[in-house]
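Some notes on the structure that comes next.
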There are 2 protein chains.
Amino acid sequence: MAPKESSTFVTEVDTSYLESLMGYNARRAALAIIESFLRHMAVYELRPVDFSVLSLITHNPGITSRQLCSALSILPPNLVGMINALEKRELIARRPHPHDRRATGLHLTEAGQKLMRDAEHTASELEAQATGRLSATERKTLMRLLQKIYIKAK
Amino acid sequence: MAPKESSTFVTEVDTSYLESLMGYNARRAALAIIESFLRHMAVYELRPVDFSVLSLITHNPGITSRQLCSALSILPPNLVGMINALEKRELIARRPHPHDRRATGLHLTEAGQKLMRDAEHTASELEAQATGRLSATERKTLMRLLQKIYIKAK
DNA sequence: TATTGTTATACTCTATAACTATA
DNA sequence: TATAGTTATAGAGTATAACAATA
């Protein structure tokens, strides 16, 4: 005989179904790493998106706002404020684009370069910590499989 | 001699550094799957969080709001509106908790059960599609490694 | 004294429409 | 006609403080 449903209650929550879904696992893992990132990068006053923007400028001097938006899936109106804030902190500088007077090339200042050297070093430590329970091989495998999920036709 | 920096511009954006970071990869993969989820679950008018809530109620009849919040890392004030909306749609029903008059047990209605049978079926198809470029072994490996990232001490 | 569920509220993140200068 | 950058603004998501009822 089935138990009277209205009197049932839950002692331990069964999450096994959700844990069988890739989206659930990917989101939980991403949130765990991002939470750690937020804590460790707070000293530099950089959110994940600021770090991503500065990192792309570091490795792509002269990149335009439009290129940043495409690479990071940010909408142009939402990037404006970030770029302004980073410029006001004198971490980046705008220079005219050599071939297109509509566009602006973005570059790191000396201060920006110094900050990013420290920040990328911290990111590496953070990376090691977040994936600390994985072997080097597992880490490489996880990276490859994640990219197979989100990079189309590779 | 180094090129005059002000005249440099970027033709193809180099994202290799960001792609070496686990947080970046996990976030991009999660967003890709969630985007697909949003499209496929639109017919049921369920966002990922609604699906998660209904799924936990499905597999844990009588679960309380507080337990949902803990399991899904949702703050109590932000769950209230979702529960009210699902109750208004007559997908769930509140029943008194048998042992604690402060709490309320949550249960699926008949309509809710039918919707979730369909929705979980769609979720399975979606799952197969999102991980379509992975072998069965790779899929299992990816799941296990993601859980190693976000489930502490397992 | 602590916990469940709730209201009010603020802050951040993401999205859309429309404008200007230039291509 | 299309694109780069910008403004204004709306909506969604996430956060804290504080309260009533009950443990």
Side-chain angles (χ1 to χ4, degrees), chain A residues 9-11 13 27-28 30-32 34-35 37-39 41-42 45-53 56-57 60 62-88 92-107, chain B residues 9-11 13 27-28 30-32 34-35 37-39 41-42 45-53 57 62-88 92-107:
Chain A
F9 65 102
V10 176
T11 48
V13 178
R27 176 146 198 279
R28 296 298 296 239
L31 287 179
I34 287 167
E35 192 273 329
F37 194 100
L38 282 170
R39 278 186 289 106
M41 289 294 175
E45 295 181 71
L46 295 180
R47 297 164 303 164
V49 66
D50 298 314
F51 178 84
S52 299
V53 164
L56 282 183
I57 298 175
N60 299 272
I63 192 172
T64 67
S65 291
R66 199 66 174 72
Q67 288 175 314
L68 281 175
C69 286
S70 296
L72 297 174
S73 298
I74 299 173
L75 292 169
N78 299 329
L79 183 68
V80 176
M82 304 180 207
I83 296 294
N84 285 339
L86 294 173
E87 190 185 31
K88 195 160 195 173
I92 64 173
R94 299 178 210 233
R95 300 189 196 158
H97 189 284
H99 301 336
D100 188 339
R101 282 191 297 163
R102 293 172 304 181
T104 308
L106 300 172
H107 301 259
Chain B
F9 65 102
V10 175
T11 47
V13 178
R27 176 146 198 276
R28 296 298 296 240
L31 287 180
I34 287 167
E35 192 273 331
F37 195 100
L38 282 170
R39 277 186 289 108
M41 289 294 177
E45 295 180 72
L46 296 179
R47 297 164 303 164
V49 66
D50 298 314
F51 178 83
S52 299
V53 164
I57 298 175
I63 193 172
T64 67
S65 292
R66 200 65 174 72
Q67 289 175 313
L68 280 175
C69 286
S70 296
L72 296 174
S73 298
I74 299 172
L75 291 170
N78 299 329
L79 184 68
V80 176
M82 303 181 208
I83 296 295
N84 285 340
L86 293 172
E87 190 185 32
K88 194 160 197 174
I92 64 173
R94 299 178 210 232
R95 299 189 197 158
H97 189 284
H99 300 337
D100 187 340
R101 282 191 296 163
R102 294 171 303 179
T104 309
L106 300 172
H107 300 259

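Note that these values count all heavy atoms, side chains included, but never hydrogens, waters or copies made by symmetry. Keep in mind the model is a prediction, meaning the values are calculated, not measured. Each chain gets a letter, A, B and so on, in the order the sequences are listed, and its residues count up from 1.
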Distance, rounded to the nearest Å, where [X] contributes [atom1] and [N] contributes [atom2]:
X      : N       : atom1 : atom2 : answer
L86(A) : dG5(D)  : CG    : P     : 15 Å
R47(B) : dA12(D) : CZ    : P     : 9 Å
E35(A) : dG13(D) : CD    : C1'   : 17 Å

Exercise. What are the two closest non-hydrogen atoms of T11(B) and Q67(A), and how far apart are they?
Worked result: O-NE2, 4.0 Å
Seminar exercise, completed: Tightest non-hydrogen contact, residues L68(B) and V53(B), listed as CD1-CG1, 3.9 Å
Exercise. Toward the 5' end of DNA chain D, which comes first, G105(A) or R27(A), by nearest nucleotide?
Worked result: G105(A)
Does [X] reach the side chain of [Y], with side-chain heavy atoms less than 4.5 Å apart?
X      : Y      : value
I57(A) : I92(A) : yes
E87(B) : R94(B) : yes
S73(B) : R28(A) : yes
P48(B) : L38(B) : yes

For this session: For DNA chain C, note the earliest and the latest nucleotide, 5' to 3', having some atom under 4.0 Å of a heavy atom belonging to chain A.
Result: dC13(C) to dA23(C)
For this session: On DNA chain C, check which nucleotide each of R101(A) and R102(B) is closest to and give me the residue with the more 5' one.
Result: R102(B)
Exercise. Which of these passes side-chain contact (heavy atoms from CB on, under 4.5 Å) with L106(A): L86(A), I83(A), T64(A), L56(A)?
Worked result: I83(A)
Exercise. Which ones in residues 65-83 of chain B lie close to DNA chain D, meaning a heavy atom under 4.0 Å from one of its atoms?
Worked result: L75(B), P77(B), N78(B)
For this session: Please work out whether the ring planes of F9(B) and H97(A) are parallel, tilted or perpendicular, with thresholds of 30° and 60°.
Result: tilted
